[in-house]
Amino acid sequence: MAAASSSDYNGCGAESNEANSKWLDAHYDPMANIHTFSACLALADLHGDGEYKLVVGDLGPGGQQPRLKVLKGPLVMTESPLPALPAAAATFLMEQHEPRTPALALASGPCVYVYKNLRPYFKFSLPQLPPNPLEQDLWNQAKEDRIDPLTLKEMLESIRETAEEPLSVQSLRFLQLELSEMEAFVNQHKSNSIKRQMSLPSVPVFLEVSGQFDVEFRLAAACRNGNIYILRRDSKHPKYCIELSAQPVGLIRVHKVLVVGSTQDSLHGFTHKGKKLWTVQMPAAILTMNLLEQHSRGLQAVMTGLANGEVRIYRDKALLNVIHTPDAVTSLCFGRYGREDNTLIMTTRGGGLIIKILKRTAVFVEGGSEVGPPPAQAMKLNVPRKTRLYVDQTLREREAGTAMHRAFQTDLYLLRLRAARAYLQALESSLSPMSATAREPLKLHAVVSIWVQGLGPTFKLTLHLQNTSTARPVLGLLVCCLYNEALYSLPRAFFKVPLLVPGLNYPLETFVESLSNKGISDIIKVLVLREGQSAPLLSAHVNMPGSEGLAAA
């Protein structure tokens, strides 16, 4: 495929027009009407003539018209409709005799459709796993009308909570129905055989496989719960789990390193055992990722398409190259196209197609455009010399390290024990302002405010009582105030509480008159009681202020 001049590119990027660019502009069509992502692009010699074509699993505008397109150069050679939205596309060899023309595998739903000579050839469905025997027995009873739908629901819920094997899709759909819909569902599906497919703790969105199926292989699955599960051959459960701090947007294997892009605009490198190696922050959100493999130089790197119109190429955490595009890139593919070995194919958010060819003299140099770690990181620090006191302290900690650790653990256990005892004492004596029982969900807050009548010794005590339940009202509560009768006088020291509606804050007011002319203040205990019970539900201690009126008199 011949390279076009930079003027044919319609100003695709400033870097492409520079003399020191590593890429030649081959083709740019902003109206190519290709809507896909990286997993649905594949390069293959479909006819065995040495001319590599581009296979595209096209979603169509808005995902409404999925189609299989084959491009030769910049033009669409063939186009055919697809039965469902494509999830991934790959080519493989089915025959050993010449000419060895590859077949196309297209994943969609639980099936893999195989095309030979661009015609439907075989449909492969994922193998089913044996269902839970108890679940199978329940559906057999439903088939013979020996169990009603309500009992079937209760038994299936019990199996879901206790059994290690997940339920089938049919049972899970049944548990989501309303009571009025269960009988019709059972009558419709009771004759169907229940099937269970291989499952992970969450829905997988990206898969990366390495190794050989007959010998040993590893499968890394990035799921919607933000975790990456790593499985090995003959393993029923994931062997390792990588927990991400954000949702994954891409998963690529480079040699023995798993490179993951996240929604926090960053790239992370992990080993196959889940150990984090490095992190690189991106200037914009990551839209797509794919592998760049240059066989002539033994180079493997990661290509990332960003929302700001950049395509960045990284080897580990070192930036190798930056390509500027007129629109955000949504899919990437690198390999042999036509008769050129190193061709980069990109599709944009608006449906455009960009084709670039790597120059034969281009060499990727680390740090050519941007440096990973700052230069100050390599500077040696002026560390002071170790003093004799530091050396003696280090020797003492080395010799008595076990005893020091035991003493620390003993003090920590004592602290936890005392805190637990104090908390238990507060609960037993109802000293907490919040109720510890679910039967009486209450919350008490006491506020003292002065009722201003000159400098008179009268105070107004306001109690805020709240029912923290979500739906149940509380009735039959009493409020009792305990105080020193020589210092204070309360006209309402004992009164009933009205019905407490959940969520509302009820202010309960009473007046306090100070009787001492010496300016002495004391504590008033406020107790919330239940009728017929001696133990208080809540309690609060109110520190009364001094009476300025009597002190002035």
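As a basis for the values below, the full set of heavy atoms in this structure was taken, side chains included, without hydrogen atoms, waters or symmetry mates.
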If only side-chain N and O atoms count, and only distance matters, is there a donor-acceptor pair under 3.5 Å linking [Y] with [X]?
| X | Y | result |
| --- | --- | --- |
| E513 | S489 | no |
| Q264 | S245 | yes |
| S331 | T36 | no |

So do [Y] and [X] actually touch side chain to side chain, heavy atoms under 4.5 Å?
| X | Y | result |
| --- | --- | --- |
| L306 | L287 | no |
| V479 | F494 | no |
| E135 | L156 | yes |

Please check if the side chain of [X] supplies one atom and the backbone of [Y] the other of a donor-acceptor pair under 3.5 Å.
| X | Y | result |
| --- | --- | --- |
| D327 | G350 | yes |
| R530 | L475 | yes |
| Y506 | V501 | yes |
| N187 | E183 | yes |
| N505 | Q466 | no |
| N225 | N227 | yes |
| T304 | R312 | yes |

Full working for side-chain contact (heavy atoms from CB on, under 4.5 Å) between F270 and V260: CA-CA 8 Å; F270 295 91; V260 184; 4.1 Å; yes
Partners of [X] by salt bridge (Lys or Arg N to Asp or Glu O under 4.0 Å), sequence neighbours excluded?
| X | answer |
| --- | --- |
| R146 | E144 |
| D411 | none |
| R388 | D392 |

In Å and rounded to the nearest 0.5 Å, what is the [atom1] to [atom2] distance from [X] to [Y]?
| X | Y | atom1 | atom2 | value |
| --- | --- | --- | --- | --- |
| I524 | L482 | CD1 | CG | 10.0 Å |
| I286 | S266 | CD1 | OG | 6.5 Å |
| I230 | I228 | CD1 | CD1 | 7.5 Å |

NZ or CZ of R492 within 45° of F495 ring axis and under 6.0 Å: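 Cation-pi check for R492 and F495: passes.
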For the student: nearest non-hydrogen atoms of L529 and C480, plus distance: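 Closest pair (atom of L529, atom of C480, distance): CD1-CB, 4.2 Å.
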The single option from R253, H268, M289 passing side chain to side chain contact (heavy atoms under 4.5 Å, CB included) against V259: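 Looking at R253, H268, M289, the match for V259 under the side chain to side chain contact (heavy atoms under 4.5 Å, CB included) is M289.
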